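None of these values were measured; they are calculated from a predicted model.
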Amino acid sequence: MSKSGNETLSVFSRTYWRTAADEFGNVRVLAFAGLTSALAIILESFPIFLTGQSLKIFFSYIVVSLGCACYGPLVGMASGAVIDTMGFLIAGYGEPYFPGYLITAMLSGLIYGVMLYHRKPTIPRIIVTRLLINYGSNVLLGSVWKAMLYGKGYLYYLTTGLVKNTVLIPLEVFLMWLVLTTAEKHGLDRRHIHSRQGRSFTKN
């Protein structure tokens, strides 16, 4: 645990990852993870289609980012796996099951958690988070999965993915900032989930 109540743990420290792992033992955290996962599955069931099945917009990232900010990267990865698997089993999303998207969902949970857990949701931090998610998970990895599923070639999906994910960054940054700062302002962030344990590293 940090020496100072206002000290932020380094993501490179053992204490940070031990704290993130301890979230699995918190019933309130697991209940909240289940709630955010359910909301994410619902939101993923109502995408906005741009050009058929292969190019669409989801808004599940809003609740996923809020959840990962509260319970960290390890629970975030587990939640990502649950969202991808249960989402397919319940809704199907009109696509065949593909394990590549499980990898993407878990990687996204890791990135959201590392960037937002025990961190202030500042605009620069959210921009970096979206760049990592959009260009790393969505474009580079996502283009591989789409090429394997739909067969139009990696460069086609890389190009269309770059355009879509670049255009969406301002909107995604704004919505994430709005939700995360509003939650923090009204005490609906990780402090609320851990309020009965008094284990928050950042105290007001």
Side-chain angles (χ1 to χ4, degrees), residues 11-12 36-69 72-117 119 123-177 179-180:
V11 71
F12 300 106
T36 55
S37 296
L39 288 174
I41 291 171
I42 293 172
L43 289 174
E44 292 226 351
S45 300
F46 299 97
I48 298 176
F49 292 94
L50 300 179
T51 57
Q53 292 283 353
S54 62
L55 193 58
K56 47 196 170 183
I57 302 173
F58 295 99
F59 291 97
S60 54
Y61 68 89
I62 298 174
V63 293
V64 171
S65 62
L66 175 61
C68 291
L74 299 183
V75 176
M77 291 177 68
S79 296
V82 169
I83 292 169
D84 180 76
T85 304
M86 295 304 298
F88 173 79
L89 293 176
I90 294 172
Y93 307 139
E95 297 181 354
Y97 180 76
F98 186 72
Y101 289 119
L102 175 65
I103 297 174
T104 300
M106 295 181 68
L107 178 60
S108 295
L110 175 66
I111 294 172
Y112 281 126
V114 167
M115 294 300 298
L116 301 173
Y117 184 56
R119 302 290 187 269
I123 291 290
R125 178 170 294 277
I126 293 173
I127 289 175
V128 173
T129 303
R130 286 262 42 107
L131 290 175
L132 291 172
I133 294 290
N134 285 31
Y135 295 128
S137 296
N138 297 348
V139 176
L140 294 180
L141 275 181
S143 297
V144 174
W145 311 148
K146 287 183 173 67
M148 294 174 68
L149 278 171
Y150 303 111
K152 287 189 178 180
Y154 178 77
L155 289 180
Y156 170 81
Y157 295 111
L158 180 68
T159 303
T160 55
L162 278 172
V163 173
K164 187 196 82 168
N165 282 275
T166 300
V167 170
L168 288 178
I169 283 178
L171 175 63
E172 291 170 337
V173 168
F174 172 73
L175 290 178
M176 277 183 59
W177 174 83
V179 169
L180 292 173

Engineer: How about Lys164 and Asn138: do any of their side-chain heavy atoms sit closer than 4.5 Å?
Structural biologist: no
Engineer: Would the number of heavy atoms belonging to other residues, nucleotides or ligands and lying under 6.0 Å from CH2 of Trp177 be above 12?
Structural biologist: no
Engineer: Which residues satisfy the side chain to side chain donor-acceptor pair (under 3.5 Å) test with Thr129, sequence neighbours excluded?
Structural biologist: none
Engineer: When rounded to the nearest 0.5 angstrom, what distance separates OG in Ser65 from CD1 in Ile126?
Structural biologist: 8.0 Å
Engineer: Do Ser60 and Ile83 have side chains that approach each other closer than 4.5 Å (heavy atoms only, starting at C-beta)?
Structural biologist: no
Engineer: Check whether any side-chain heavy atom of Tyr101 lies under 4.5 Å from a side-chain heavy atom of Leu141, and answer yes or no.
Structural biologist: no
Engineer: Give me the atom names and distance for the closest heavy-atom approach of Phe59 to Leu43.
Structural biologist: O-CD1, 3.5 Å
Engineer: As an exercise, state the distance from CG of Leu131 to CE of Met115, rounded to the nearest 0.5 Å.
Structural biologist: 9.5 Å
Engineer: Got Glu44 and Ile90 here, is their nearest side-chain heavy-atom distance under 4.5 Å?
Structural biologist: no
Engineer: Output a table of donor-acceptor pairs, distance under 3.5 Å, between side-chain atoms of residues 72-82 and any protein atom two or more places apart or on a different chain; print 'none' if there are none.
Structural biologist:
| from | atom 1 | to | atom 2 | distance (Å) |
| --- | --- | --- | --- | --- |
| Ser79 | OG | Val75 | O | 3.0 |

Engineer: With heavy-atom distances below 4.5 Å as the criterion, would you say the side chains of Thr160 and Lys146 are in contact?
Structural biologist: no
Engineer: Is any side-chain heavy atom of Cys68 closer than 4.5 Å to a side-chain heavy atom of Leu116?
Structural biologist: no
Engineer: How many angstroms lie between atom CD1 of Ile103 and atom CG of Asp84, to the nearest 0.5 angstrom?
Structural biologist: 10.0 Å
Engineer: Using a 4.5 Å cut-off on heavy atoms from C-beta on, say whether the side chain of Val64 contacts that of Thr36.
Structural biologist: no
Engineer: Can you tell me how far OH of Tyr135 sits from CG of Leu162, rounded to the nearest 0.5 angstrom?
Structural biologist: 6.5 Å
Engineer: Measure across Ser137 and Leu107 and return the closest heavy-atom pair with its distance rounded to 0.1 Å.
Structural biologist: OG-CD2, 3.6 Å
Engineer: Would you call Val144 and Tyr157 a side-chain contact if the rule is heavy atoms closer than 4.5 Å?
Structural biologist: no
Engineer: If only side-chain N and O atoms count, and only distance matters, is there a donor-acceptor pair under 3.5 Å linking Ser143 with Tyr156?
Structural biologist: no
